[in-house]
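Quick note: numbers below take in every heavy atom, side chains included, and nothing from hydrogens, waters or symmetry partners. Note that the structure is predicted; figures quoted are calculated from it, not measured. We're numbering straight along the sequence, starting at 1.
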Amino acid sequence: ADPRCREFLARALELRLPILLEKSLSNTLFFIQELAPTATVIIPHLGMLNGGYRRLKALGIWELPQVYADSALAGTAELTDYVRNFGTTRLLLGSDYPFGDPVIEKEKMVSLTLPAAARRAVLAENWLRLQAERPPAAGR
């Protein structure tokens, strides 16, 4: 309801900034469906704190092209299911440091035995692509 929120969102959308969204399920749905439906959203932990991976899957959230997932602290069963159902183009390696260990999180992703191109995408290229889609900052 705060007008500053709408101002921030307007500017973030203008700059095509991805928004990391770690909220309750009702707030996540409100944000994605009503408040900022065109925003690029990254849901951390495969949705562990946003209602849970399977609940977001059942609601079709992972199918939305503007919604990315971060792998931090997610279980390998959920990661495997995500990759099987949604691919790797919108999956980002996350660690949630200092709560998660970046080395362990990377090893977990590598243990999924993804094809080399998919592993590179998750480990770095998806994030780099997101950054490349943004307009250059003034003065660059």
K.L.:
Please enumerate all residues that pass ring pair (Phe, Tyr, Trp, His ring centres under 6.0 Å) together with F31, with sequence neighbours excluded.
P.N.:
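Checked F31 against ring pair (Phe, Tyr, Trp, His ring centres under 6.0 Å); zero matches.
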K.L.:
Does the pair I43 and L49 meet the rule for a side-chain contact (heavy atoms from CB on, under 4.5 Å), with working shown?
P.N.:
CA-CA 9 Å; I43 298 179; L49 300 175; over 6 Å; no
K.L.:
Under the criterion side-chain contact (heavy atoms from CB on, under 4.5 Å), I'd like the reasoning laid out for E63 against F86: C-alpha separation, chi angles, the key distance, then a yes or no.
P.N.:
CA-CA 7 Å; E63 296 172 25; F86 310 108; 3.5 Å; yes
K.L.:
Could you give the distance from CG (L92) to CD (E125), rounded to the nearest 0.5 Å?
P.N.:
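Going from CG on L92 over to CD on E125, the span is 12.0 Å.
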K.L.:
Would R4 and E7 pass as an ion pair if we require N to O under 4.0 Å?
P.N.:
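Not counted as a salt bridge, because no side-chain N and carboxylate O are separated by less than 4.0 Å.
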K.L.:
Closest approach of H45 and A72, non-hydrogen atoms and distance?
P.N.:
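That would be ND1-O, 2.9 Å.
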K.L.:
Is there side-chain contact between L9 and I19, with heavy atoms separated by less than 4.5 Å?
P.N.:
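Yes, at least one pair of side-chain atoms sits under 4.5 Å.
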K.L.:
Is there a side-chain contact between P44 and L20 (heavy atoms, below 4.5 Å)?
P.N.:
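In short, these two side chains touch, coming nearer than 4.5 Å.
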K.L.:
Between T28 (side chain only) and K23 (backbone N and O only), is there a donor and an acceptor less than 3.5 Å apart?
P.N.:
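Flag set: sc T28 to bb K23 pair under 3.5 Å.
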K.L.:
Any chance you could measure L79, atom CG, to Y53, atom OH, to the nearest 0.5 Å?
P.N.:
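With rounding to 0.5 Å, CG (L79) is 8.5 Å from OH (Y53).
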K.L.:
For V103 versus D101, what's the shortest heavy-atom pair and its separation?
P.N.:
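Answer, listing the atom of V103 first, then D101: N-OD1, 2.8 Å.
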K.L.:
Quick check: do K106 and L123 have side-chain heavy atoms less than 4.5 Å from each other?
P.N.:
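They are in contact (side-chain heavy atoms under 4.5 Å apart), so the answer is yes.
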K.L.:
Distance check, rounded to the nearest 0.5 Å: F99 atom CZ versus E105 atom CD?
P.N.:
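F99 CZ to E105 CD: 13.0 Å, rounded to 0.5 Å.
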K.L.:
Are any of the side-chain heavy atoms of Y68 and V41 separated by less than 4.5 Å?
P.N.:
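Result no, sub-4.5 Å side-chain heavy-atom pair not found.
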K.L.:
For L35 and R6, which heavy atoms make the closest approach, and how far apart are they?
P.N.:
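Scanning both residues, the minimum pair turns out to be CD1-NH1, 3.0 Å.
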K.L.:
Taking only residues two or more places apart in sequence, or in another chain, which ones meet A117 in a side-chain contact (heavy atoms from CB on, under 4.5 Å)?
P.N.:
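Checked A117 against side-chain contact (heavy atoms from CB on, under 4.5 Å); matches are R120.
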K.L.:
Roughly how far, to the nearest 0.5 Å, is OG1 of T80 from CD of E78?
P.N.:
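Between atom CD of E78 and atom OG1 of T80 there are 9.0 Å.
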K.L.:
Just to verify, what does F8 make a side-chain contact (heavy atoms from CB on, under 4.5 Å) with, not counting sequence neighbours?
P.N.:
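Scan of F8 (side-chain contact (heavy atoms from CB on, under 4.5 Å), adjacent residues dropped) gives A12.
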K.L.:
A side-chain contact here means heavy atoms from C-beta on lying under 4.5 Å apart; do R55 and L25 qualify?
P.N.:
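In short, these two side chains touch, coming nearer than 4.5 Å.
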K.L.:
For the residue pair R119 and T88, establish whether any side-chain heavy-atom pair is separated by less than 4.5 Å.
P.N.:
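When only atoms from C-beta onward are counted, T88 and R119 do not touch, as no gap falls below 4.5 Å.
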K.L.:
Please check if L29 and W62 belong to a single hydrophobic cluster, counting links between Ile, Leu, Val, Met, Phe, Trp and Tyr side chain heavy atoms closer than 4.5 Å.
P.N.:
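Yes; W62 is reachable from L29 via cluster members.
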K.L.:
Got a donor-acceptor contact below 3.5 angstrom from the R129 side chain to the T89 backbone?
P.N.:
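Side chain of R129 to backbone of T89: a pair is present.
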K.L.:
Determine whether D70 and L93 make a side-chain contact, defined as any pair of heavy atoms from C-beta on separated by less than 4.5 Å.
P.N.:
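No, every pair of side-chain atoms sits at 4.5 Å or beyond.
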K.L.:
Considering all heavy atoms of both residues, which atom of V122 and which atom of L114 are nearest to each other, and what is their separation?
P.N.:
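Minimum heavy-atom separation between V122 and L114: CG2-CD1, 4.4 Å.
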K.L.:
Membership question, hydrophobic clusters at under 4.5 Å side-chain separation (ILVMFWY): are L73 and L46 in the same one?
P.N.:
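No, L46 and L73 fall in different hydrophobic clusters.
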K.L.:
Specify the closest pair of heavy atoms between Q33 and I61, including all atoms of both residues, with the distance to one decimal.
P.N.:
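Result for this residue pair: NE2-CD1, 4.3 Å.
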K.L.:
side-chain contact (heavy atoms from CB on, under 4.5 Å), that's the test. Do M109 and S71 meet it? Break it down for me.
P.N.:
CA-CA 8 Å; M109 188 59 63; S71 67; 3.4 Å; yes
K.L.:
Please report the C-alpha distance between R16 and L130 in whole Å, then the side-chain angles of each, then the deciding distance to 0.1 Å, and finally whether the side-chain contact (heavy atoms from CB on, under 4.5 Å) criterion is met.
P.N.:
CA-CA 9 Å; R16 292 188 233 144; L130 269 176; over 6 Å; no
K.L.:
Is L21 close to I42 at the side-chain level, that is, under 4.5 Å between some pair of heavy atoms?
P.N.:
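No. Closest side-chain heavy atoms not under 4.5 Å.
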K.L.:
Which pair of non-hydrogen atoms, one from S95 and one from P102, has the smallest distance, and what is that distance?
P.N.:
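Looks like CB-CA, 3.6 Å.
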K.L.:
Is there a path of hydrophobic side-chain contacts, each under 4.5 Å between heavy atoms, that joins M48 and Y82?
P.N.:
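Each belongs to a different hydrophobic cluster.
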